[in-house]
Amino acid sequence: MSKSLQLDSQGRLRHFLSIEGLNRPLLTEILDTAERFTQVGNQSAKKVPLLRGKTIANLFFEPSTRTRTTFDLAEKRLSADVLNININNSATTKGETLLDTLQNLTAMQIDMFVVRHSASGAAHFIAQHVPGGVSVINAGDGRHAHPTQAMLDMFTIRKYKEDFTRLRVAIVGDVMHSRVARSQIHALNMLGCPEVRVIAPKTLCPSHVENLGVHFTHNMEEGLEGVDVVIMLRLQNERMRGANLPSKDEFFRFYGLTESRLQCAATDAIIMHPGPMNRGVEIESSVADSQHSVILQQVTNGIAVRMAVLSMAMQHNSGER
Ligand code: CP
């Protein structure tokens, strides 16, 4: 990912497409800015005028509950005008290309696009084709990246564990098809986490995953030993071609996070999941609802983190186009 596409000439965030190409001070600035925005959610009037007069279009070509809704809330809490484009009801169903749809929306003087797409590289492609003053935020592209999810996960980890430089983190499950895992690994490495472990069957782990700066094991008990943070991943069946695993029951038997397996982790370990969660497939229901679970706090934190990213990216186009 080219650094210059994401950052402007002064090193400020212009587009947010992936964690790669950014740097630790910028990630820390996102976390610190998000920290300040958590206050807005606690106010009786949950609104600040920061993006008043700006127009943001949410383009979700793939289903979403958490990302779409928390972007929508974040934009409204910043007082932006928000367009939630219903792709299934748009002219794309009549054969209009992504680029033509984009150019028509750009002609309506949209300031920022938030994009989710099943194709890896879609947000990057859009960012290459928008005019100078317009920003693009990647809300998940194929199996490539989900940078705002990774940042809300980092925000949640920092809330509970404070210092990244002492942490052992395990990422468990279908890493092969996970844009979230890829973005998390880059963010954890960039923020100084010394030990990131990937626990997965070989069929659901990218080859040479160690090149990303992680330790790989296919043994759940071994991988969970002493970890401070456990991040569970869903089986992303929609991105699988052919049979990558025998059955969901068998997956749960070897890789499901159960109460008994959780005993291998540190006693104060936190359990995370980006959602959507499949109870009884990657995680035992009682574990998902246990006091170790911070899964719903991740969702709440997503609003403040997305407010931070939106406001920082909008800074670069605060002038006239
Ligand atoms: N974590 C995540 O991207 O969830 P949604 O698909 O519901 O947005």
Side-chain angles (χ1 to χ4, degrees), residues 16-19 30-31 34 56-77 82-88 112-124 126 136-157 159 169-188 204 229-240 257 270-279 281-283 288-289 293-310:
F16 193 38
L17 307 174
S18 71
I19 302 291
I30 292 172
L31 299 179
I56 303 178
N58 297 320
L59 291 173
F60 278 67
F61 293 86
E62 239 193 13
S64 166
T65 298
R66 282 145 289 269
T67 312
R68 185 174 50 77
T69 312
T70 53
F71 262 115
D72 192 19
L73 274 174
E75 292 153 4
K76 286 170 178 161
R77 288 187 186 180
V82 181
L83 292 176
N84 284 303
I85 313 286
N86 184 346
I87 296 297
N88 293 330
M112 187 178 283
F113 292 99
V114 175
V115 182
R116 168 168 290 195
H117 204 285
S118 59
S120 296
H124 187 265
I126 291 173
V136 178
I137 310 293
N138 184 3
D141 64 324
R143 50 163 101 170
H144 169 237
H146 196 346
T148 59
Q149 177 70 46
M151 289 313 297
L152 74 88
D153 295 334
M154 298 307 113
F155 184 86
T156 306
I157 292 172
K159 273 263 174 231
V169 178
I171 302 176
V172 187
D174 181 6
V175 176
M176 171 86 92
H177 302 97
S178 176
R179 55 194 175 207
V180 174
R182 247 169 280 275
S183 293
Q184 288 168 335
I185 290 168
H186 288 300
L188 286 164
L204 292 178
V229 179
V230 185
I231 302 175
M232 300 304 298
L233 300 172
R234 176 178 69 89
L235 292 173
Q236 287 132 109
N237 295 302
E238 72 276 19
R239 292 187 207 120
M240 289 186 195
L257 186 63
I270 56 169
I271 300 162
M272 302 174 67
H273 196 308
M277 182 164 64
N278 289 144
R279 292 170 186 260
V281 180
E282 70 271 9
I283 189 165
D289 299 328
S293 170
V294 297
I295 294 168
L296 292 177
Q297 283 88 335
Q298 286 173 261
V299 177
T300 305
N301 293 340
I303 303 170
V305 168
R306 289 178 172 126
M307 287 172 81
V309 169
L310 292 165

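Order of listing sets the numbers, starting from 1, for every ligand and every atom in it. Only heavy atoms go into these numbers, but all of them, side chains included; no hydrogens, no water, no symmetry mates.
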Okay, side chain of Q298, backbone of H273: is any donor-acceptor separation there less than 3.5 Å?
yes
Heavy-atom contact under 4.0 Å between G275 and ligand 1?
yes
Among protein heavy atoms, which sits nearest to atom 1 (N) of ligand 1, and what does the distance come to when rounded to 0.1 Å?
P274 O, 2.8 Å
Would one find an N or O of R68, backbone or side chain, under 3.5 Å from an N or O of ligand 1?
no
Do me a favour and list the nearest non-hydrogen protein atom to atom 2 (C) of ligand 1 with residue, atom name and distance?
T67 OG1, 3.5 Å
the protein heavy atom lying closest to atom 7 (O) of ligand 1 turns out to be T65 N, 2.8 Å
Sidechain-backbone polar pair: S293 side chain, D289 backbone, donor-acceptor under 3.5 Å:
no
Here's one to test your reading of the geometry: is the NZ or CZ of R116 within 45 degrees of the ring axis of F60 and under 6.0 Å from its centre?
no
Would you say R116 touches ligand 1, if touching means a heavy atom closer than 4.0 Å?
yes
Quick one: CD1 on I295 to CZ on R66, what's the gap to the nearest 0.5 Å?
10.0 Å
Of all protein heavy atoms, the one nearest atom 4 (O) of ligand 1 is R66 NE, 3.1 Å
Do any N or O atoms from the side chain of Q236 and from the backbone of D174 form a donor-acceptor pair under 3.5 angstrom?
yes
Quick one: does D141's side chain have a donor or acceptor within less than 3.5 Å of a partner on H117's backbone?
no
